[in-house]
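In what follows, chains are A, B, ... by sequence order, proteins preceding strands, each numbered from 1. The model shown is predicted, which means the values in this text are computed figures rather than measured ones. What's counted below: heavy atoms across the whole structure, side chains too, no hydrogens, waters or symmetry copies.
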Number of protein chains: 2
Amino acid sequence: MVTHSGSKSVTVHDVARVAGVSKSTVSLVLTGSKKVSDTAKLKVEKAIDETGYVYNRDAASMRSRKSNLVAIVINDLTNPYSAQLAVGLEQQIRKMGLFSMLVNSGEDVETQNQLVRNLKEYNVAAFIMCPAPGTTAEWTNQLVDQGFPVVNIMREISGAKVATVLPDNFAGTNMATQHMLARGYRKIAFLGGRETISDYHQRLAGFTEAMVLANVPFSNQLCIQSDTNRNGGRQAMTTALEIEPELEAVVCFSDVVAYGAMEQMKLAGKIPGKDIAIVGFDDLEDSRLMTPALSTVHVDANKIGIAVCHILSNIKDGSRNKILVAVDLVVRESS
Amino acid sequence: MVTHSGSKSVTVHDVARVAGVSKSTVSLVLTGSKKVSDTAKLKVEKAIDETGYVYNRDAASMRSRKSNLVAIVINDLTNPYSAQLAVGLEQQIRKMGLFSMLVNSGEDVETQNQLVRNLKEYNVAAFIMCPAPGTTAEWTNQLVDQGFPVVNIMREISGAKVATVLPDNFAGTNMATQHMLARGYRKIAFLGGRETISDYHQRLAGFTEAMVLANVPFSNQLCIQSDTNRNGGRQAMTTALEIEPELEAVVCFSDVVAYGAMEQMKLAGKIPGKDIAIVGFDDLEDSRLMTPALSTVHVDANKIGIAVCHILSNIKDGSRNKILVAVDLVVRESS
DNA sequence: ATACAACTTTGGAACGTTCCAATTGCGTAT
DNA sequence: ATACGCAATTGGAACGTTCCAAAGTTGTAT
């Protein structure tokens with residue numbers, strides 16, 4: 001409980017006195033009201049400069065019962081894609097004239113619970129959440145029922161009465177897999193991800209549908225779950241090569257998993273992009289700098305930010321729409 | 001300016017009525033005062049549960065002129081080390097019973113300016129800043145003079161009257177370089193970083209001192225500046241090999257730069273850790289998963305968090321102490 | 001029983017803003 | 001000149017909390 005700034009602060013009263021108007025007029029200027037004369041506005045602005053006044057949002061938010069503080073609750077900031085997404089969201093939200101704060105749940109549902117409990121006390125205007133695994137529909141709905149606008153991103157919680165913005169996971173892996181098939185590969189594995197995360201199912205489905213439609217036989221054994229980090233990618237690749245030594249291509253759950261898989265491929269004496277084709281998902285900055293440059297499904301963080309803001313600006317409680325953000329396949333050297 | 005939660009909220013008055021005590025007593029319980037009887041405390045806590053009361057920090061913060069909201073202003077969240085640092089800081093701050101919010105300046109001093117201006121309005125208790133390039137001492141001092149506790153991290157601004165927490169940059173590269181020298185290498189380059197960032201000088205100094213003390217001649221030409229990202233590492237490595245084709249070892253400004261350098265080495269037909277030894281700085285998660293696993297200077301994000309919190313808890317304005325956080329050399333396969 | 005200290009509890013004022021209803025100012029039509 | 005409408009301005013109340021000084025409740029020593 002650190003003490004706040006020092007000195008007695010400058011208030012609207014002080015500004016009013018200096019400007020020679022009433023505090024109400026100052027308030028009107030501050031809130032950008034149309035019904036204040038230009039002369040008054042000028043006087044007030046001058047007085048604000050002279051006095052070094054700083055707006056007190058706590059007081060404003062308490063009186064007006066409004067807030068322009070949006071909380072972004074991210075599942076894991078150390079995941080490069082999450083970080084990229086967070087940055088994109090932040091920018092879009094600021095463009096809307098709102099202010100965003102970021103907190104990190106670290107994929108821990110209890111931490112997430114704590115954070116949200118605290119954030120409620122800070123009177124946030126809305127929650128943008130990438131929910132930690134284990135987040136229930138009940139919990140989410142409770143938050144909504146308390147009157148907080150909530151938008152979920154990246155992960156879907158079935159039964160939750162919230163708007164959700166997702167990349168088109170199905171289309172992404174579907175395109176990627178079709179691309180591999182078009183290249184003539186038949187022995188294809190799907191690496192990484194876990195059943196506990198909603199997007200896993202969608203990405204896996206995109207893969208299997210492409211395989212089935214192309215009449216290519218494949219084994220569920222070659223759909224290998226793993227942690228969604230570099231190490232997970234290595235393990236999944238190891239397993240894949242044990243099961244199918246003649247593997248021709250892999251479709252990965254994410255770029256980070258692909259990085260691990262490429263690493264492991266090299267250790268096994270296979271050259272990625274030559275002996276085994278590989279494609280990722282996310283299109284991280286690093287992916288075009290890999291050797292070989294990684295083909296991947298590009299997900300535009302800004303588009304997600306825009307979609308979220310769109311929902312935010314015309315939210316009504318109970319709106320449960322789902323927005324799929326289009327993705328593109330970016331073909332590079334690895335496939 | 002999104003509208004806040006819906007319904008009329010439950011206040012201390014409501015809790016007081018249900019508990020059968022006065023609002024003052026409720027307030028005492030909420031603030032964890034010692035001078036309230038156990039029976040009263042129990043009644044109040046029960047009433048809080050029953051009514052679903054949520055604390056209104058805006059009101060509290062306005063009246064008490066205190067805040068427990070700490071702003072962490074990060075230079076670039078998409079940089080993995082910054083992200084790791086941010087997460088570590090967040091955890092430590094929460095352990096102190098404070099709440100932290102994260103914002104990202106994206107290395108842009110104008111954005112940083114905007115963010116801080118906004119954050120002041122939110123009555124933050126303190127700023128923890130990794131200042132964007134171009135942040136001046138005047139600007140920083142102004143913030144301090146306005147009464148805000150400020151702690152700078154990672155980057156030092158000369159002339160700024162603020163506490164600063166830094167990894168021991170000099171010792172880090174010094175150890176790393178000594179390690180290379182002990183391995184018998186003599187043709188050593190220092191790759192990455194830019195003069196515009198304060199820690200560049202310290203890390204470079206650690207390198208040159210080790211070289212000089214060992215009586216190893218070296219050329220400034222082999223201290224090659226670059227962007228501190230993967231691409232920068234590639235470019236720096238390219239230049240290094242042009243200047244000195246017989247290069248034996250490289251000390252890198254950061255792990256990310258080292259990643260790029262390793263990439264480029266491979267493209268040039270050199271095997272990292274075998275043909276050319278390489279050491280990084282930061283010790284990112286990924287570094288031990290590289291092939292070869294990257295030797296690096298380990299900087300403990302939690303230690304930095306702890307140091308920051310230490311400063312925060314006994315800050316007095318004008319305190320200008322500088323804390324160097326100890327670092328360790330982690331030797332892996334790459335050297 | 002009374003006095004006193006120590007501990008608990010309490011109502012009213014205050015924090016800085018916005019909302020509201022009322023008032024002022026001003027130009028135009030009567 | 002008077003009345004009217006419209007725009008601009010204004011003082012007081014209110015938001016939900018904490019602070020403060022005063023009052024109430026104990027328990028113990030006289």
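Screening residues 124-149 of chain A for salt bridge (charged side-chain N to carboxylate O under 4.0 Å, His left out), with sequence neighbours left out, gives D145(A)-K161(A). Among residue pairs with one or both ends in residues 28-40 of chain B, none qualify as salt bridge (charged side-chain N to carboxylate O under 4.0 Å, His left out); sequence neighbours excluded. Legend: salt bridge (charged side-chain N to carboxylate O under 4.0 Å, His left out) pairs involving residues 86-115 of chain A, not counting sequence neighbours, sorted by first then second residue: E90(A)-R94(A), E107(A)-R155(A).
Side-chain contact check for S82(A) and N75(A): at least one donor-acceptor pair (N or O, by modelled atom type) lies under 3.5 Å. Remark: the S22(A) side chain and the T25(A) side chain contain an N/O donor-acceptor pair separated by less than 3.5 Å.
A search for salt bridge (charged side-chain N to carboxylate O under 4.0 Å, His left out) contacts involving R117(B) returns nothing, not counting sequence neighbours. With sequence neighbours left out, D76(A) forms a side chain to side chain donor-acceptor pair (under 3.5 Å) with T78(A). Under the side chain to side chain donor-acceptor pair (under 3.5 Å) criterion, Q142(A) pairs with no residue, sequence neighbours left out. In terms of the salt bridge (charged side-chain N to carboxylate O under 4.0 Å, His left out) criterion, E45(B) has no residue partners (sequence neighbours excluded). Residues passing the side chain to side chain donor-acceptor pair (under 3.5 Å) test with D58(A), sequence neighbours excluded: S61(B), N123(B).
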Can you pull every protein N or O that's under 3.5 Å from an N or O on nucleotides 24-28 of chain C?
none

Protein-nucleotides 12-16 of chain D N/O pairs closer than 3.5 Å?
unit_1, atom_1, unit_2, atom_2, d
dG12(D), N7, K23(A), NZ, 3.1
dG12(D), O6, K23(A), NZ, 2.7
dA14(D), N3, R63(A), NE, 3.0
dG16(D), OP1, R65(A), NH2, 2.4
dG16(D), OP1, S9(B), OG, 3.1

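Across the helix from dA1(C)-dT30(D) to dT30(C)-dA1(D), the helix axis at one end is tilted relative to the axis at the other end by 60° (nearest 10 degrees, each axis from five pairs).
Contact annotation: S22(B) does not reach the phosphate of dT9(C) (side-chain N/O to OP1 or OP2, under 4.0 Å).
Residues from residues 26-45 of chain A placing a heavy atom under 4.0 Å of any atom in DNA chain C, listed by number, are S27(A), T31(A).
Counting only heavy atoms from C-beta outward, the side chains of K322(B) and V165(B) never approach each other to under 4.5 Å. Side-chain atoms of V21(A) and V26(A), non-hydrogen and from C-beta on, do get closer than 4.5 Å to each other.
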